[in-house]
Amino acid sequence: MELITRMMDGSISFDPEGRLEPVSSGPGTKQEDKIERLKEIPIFEGCTQRQLRRVAKIARVFGVAASTVLARAGEPGDEFFLIIDGSVRVEVSSEKHVLLHPGEFFGEMSILDGGPRSATVIADTPVRLLVISRRQFSILLKDVPGLTETLLATLSSRVREAEERAERLGSALTGL
Ligand code: CMP
């Protein structure tokens, strides 16, 4: 089970090496701060103040050290992550890594289809994240309809990219 999942359900208070902690103070943790940060995140553009309050209420803020594994390819995943500060590295394949930055998100694929994580995601720097559990995420999609559209657009480009990569790989193999 992913570390963050265990943090969220309270079964561990922190990771044994102390690398993963809920952030209980500091920028971005107070409700009003969270709302201000949410306003800057493109997927929440167009949300009403009431919707932003709802997001701020259900999302939890976690701080992780560089090199923390946030999702592991092939494992089940129950959280959606939004980057507040720092960057993460998505290991799409052994030769392709994608860096994601503040305002970008990951973990939507497993949340949407219930399948295993499609890639391993590692903190490239110290990262501060908003984390939303699967159950809360589905409530959020109903409350904030614009969110589905943004998610679908991102998902489509990630799938398109994966297909192009598979095709290139196929051509390279048949050309051998
Ligand atoms: P999920 O499969 O839940 O967990 C791994 C995440 O990595 C995945 O959701 C996406 O959020 C992200 N991801 C997968 N492929 C790509 C890609 N090509 N570009 C950016 N992010 C990706």
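Whatever order the structure lists them in is the order used to number ligands and atoms, beginning at 1.
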Of His97, Glu75, Glu164, Arg158, the one whose closest heavy atom lies nearest atom 20 (C) of ligand 1 is Arg158
When distances are taken from atom 8 (C) of ligand 1, the protein heavy atom at minimum range is Ser118 OG, 3.5 Å
Side chain to side chain, Thr154 and Ile43, heavy atoms closer than 4.5 Å
no
Atoms of ligand 1 under 4.0 Å from any heavy atom of Ala119, numbered from 1 in the order shown, are 5 (C)
Using the six-membered ring wherever Trp is involved, compare the ring planes of Phe81 and Phe106 and label them parallel, tilted or perpendicular (cut-offs 30° and 60°).
parallel
Check your understanding: Any N or O on Arg165 sitting closer than 3.5 Å to an N or O of ligand 1?
Key -> no
Between Arg54 and Ile139, the two heavy atoms sitting closest are NH2-CG2, 3.1 Å
Report task. Verify the neighbour count for atom CD of Glu167: are there more than 12 heavy atoms of other residues, nucleotides or ligands below 6.0 Å? Result -> no
_Ser110 side-chain N/O to Gly115 backbone N/O, donor-acceptor pair under 3.5 Å_ = yes
* Asked: Do Arg158 and Glu161 meet the salt-bridge criterion of a basic N to acidic O distance under 4.0 Å?
  -> no
the protein heavy atom lying closest to atom 18 (N) of ligand 1 turns out to be Glu161 OE2, 3.3 Å
Counting from 1 in the order shown, the ligand 1 atoms closer than 4.0 Å to a non-hydrogen atom of Phe106 are 11 (O)
Residue, atom and distance of the protein heavy atom nearest atom 11 (O) of ligand 1 read Glu108 OE1, 2.6 Å
Do Ile132 and Leu155 sit in one hydrophobic cluster, given that two such residues count as connected whenever their side-chain heavy atoms are within less than 4.5 Å of each other, even indirectly?
yes
Looking only at protein heavy atoms, what sits closest to atom 13 (N) of ligand 1 is Val90 CG1, 3.7 Å
the protein heavy atom lying closest to atom 4 (O) of ligand 1 turns out to be Arg117 CD, 3.2 Å
Below the 3.5 angstrom mark, is there an N/O of Gly107, backbone or side chain, next to an N/O of ligand 1?
yes
